[in-house]
Amino acid sequence: MKDIFTGILLLLLFTGCEKNKACTAATPASEEARIIAFAQWNNMPLMKLSNGIYFQIMSPGSGQTPMTNSEVTVGYVGKFIDGTIFDQNSRVKNHLTNFIEGWKIGLPLIQKGGTIKLIIPSAYAYGCTSYANIPPNSILYYEINLIDVQ
């Protein structure tokens, strides 16, 4: 009987610990100072969208603008704001709807052949969800070349 009671007590304690580890989603406003510091450190003149996504259009392109249902081909480098590369690919083809929200918002700012830099608050990336090697509440920086739009 004592072993059952001890087991239940341990189960309740561990369950309580898990609740304390729950992620609280960061807001774009709470991450703004870090985003601005990153941009200043890298001498990046940025524009800000009302939702807190920052961008710099390196080349606007001259072809088709991606829409929600477009299939896009992109080349990109993804970094954390400490400069660590977490992902890069010279050519990926996928529907825009399959990318993170920050890309869905940012890519339509350029046209086919364009290049954009995006600093995406965690709320428009993966939020409280870790993904591959990206921890929860990570601000993400991307350099994206929009190769094709269909």
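Start at 1 with the first residue, then count along the sequence.
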Passes side-chain contact (heavy atoms from CB on, under 4.5 Å), Val72 versus Asn94? Steps please. CA-CA 6 Å; Val72 296; Asn94 209 334; 5.7 Å; no

Show your working on side chain to side chain donor-acceptor pair (under 3.5 Å) between Tyr141 and Glu143 and close with a plain yes or no. CA-CA 7 Å; Tyr141 166 71; Glu143 297 172 9; 2.8 Å; yes

Check the pair Lys112, Asp148 against side-chain contact (heavy atoms from CB on, under 4.5 Å), reporting the backbone distance first and the verdict last. CA-CA 5 Å; Lys112 178 181 174 179; Asp148 195 16; 3.2 Å; yes

Are Phe55 and Leu46 close enough, and set up right, to give a side-chain contact (heavy atoms from CB on, under 4.5 Å), and what steps lead you there? CA-CA 5 Å; Phe55 68 96; Leu46 298 174; 5.9 Å; no

Go through Gln88 and Lys79 one step at a time and tell me if the side-chain contact (heavy atoms from CB on, under 4.5 Å) criterion holds. CA-CA 9 Å; Gln88 61 185 347; Lys79 298 178 184 180; over 6 Å; no

Test ring-ring contact (aromatic ring centres under 6.0 Å, His included) on Tyr76 and Trp103; report intermediate values, then the result. CA-CA 11 Å; Tyr76 68 91; Trp103 280 40; 5.3 Å; yes

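Listed here is the closest heavy atom pair of Ser59 and Ile110: O-CG2, 4.0 Å. Across all their heavy atoms, Pro136 and Ser130 have their closest contact at CD-CB, 3.7 Å. Between Gly52 and Ile35, the closest heavy-atom pair is O-CD1, 4.4 Å. Closest approach of Phe86 to Asn133, counting heavy atoms only: O-ND2, 3.5 Å. The two residues Thr65 and Pro108 make their nearest non-hydrogen contact at CG2-O, 3.4 Å.
In summary, the side chains of Tyr126 and Asn137 do not present any donor paired with an acceptor at a separation below 3.5 Å, with no hydrogens or angles considered. Remark: the Ser70 side chain and the Gln150 side chain contain no N/O donor-acceptor pair separated by less than 3.5 Å.
Note on Leu109: it does not cluster hydrophobically with Val77, by side-chain heavy-atom contacts below 4.5 Å among ILVMFWY residues. There is a path of hydrophobic side-chain contacts, each under 4.5 Å, that joins Leu96 to Leu118. Follow the hydrophobic side-chain contacts under 4.5 Å out from Ile119 and you never reach Leu146; the two are in separate clusters. No continuous path of ILVMFWY side-chain contacts below 4.5 Å connects Tyr54 to Tyr142, so the two sit in separate hydrophobic clusters. Linking ILVMFWY side-chain heavy atoms closer than 4.5 Å, directly or via other members, places Ile147 and Val149 in two distinct hydrophobic clusters.
In this structure, the separation between CE on Met58 and CD1 on Ile144 is 13.0 Å, given to the nearest 0.5 Å. To the nearest 0.5 Å, atoms CD1 (Ile105) and CD1 (Ile53) are separated by 4.0 Å. For the atom pair CD1 (Ile139) and OH (Tyr124), the distance works out to 13.5 Å, reported to the nearest 0.5 Å. The distance from the CD atom of Gln56 to the CE atom of Met44 is 5.5 Å, given to the nearest 0.5 Å. Atom-to-atom distance recorded for Lys104:NZ and Thr97:OG1 is 6.0 Å, nearest 0.5 angstrom.
The closest side-chain heavy-atom distance from Ser138 to Tyr131 is not below 4.5 Å. Between Val74 and Asn145 the shortest side-chain heavy-atom distance does not fall below 4.5 Å. You'll find the side chain of Thr73 reaches within 4.5 Å of the side chain of Arg91, heavy atoms only. Side-chain atoms of Ile120 and Ile100, non-hydrogen and from C-beta on, do get closer than 4.5 Å to each other. Within the 4.5 Å cutoff, no side-chain heavy atoms of Gln64 are placed close to those of Gln111.
With respect to the salt-bridge test (charged N to carboxylate O, under 4.0 angstrom), the residues Arg34 and Glu31 do not qualify.
Judged by distance alone, with hydrogens and angles left aside, the side-chain atoms of Ser122 form no donor-acceptor pair with the main-chain N or O of Ala125 at under 3.5 Å.
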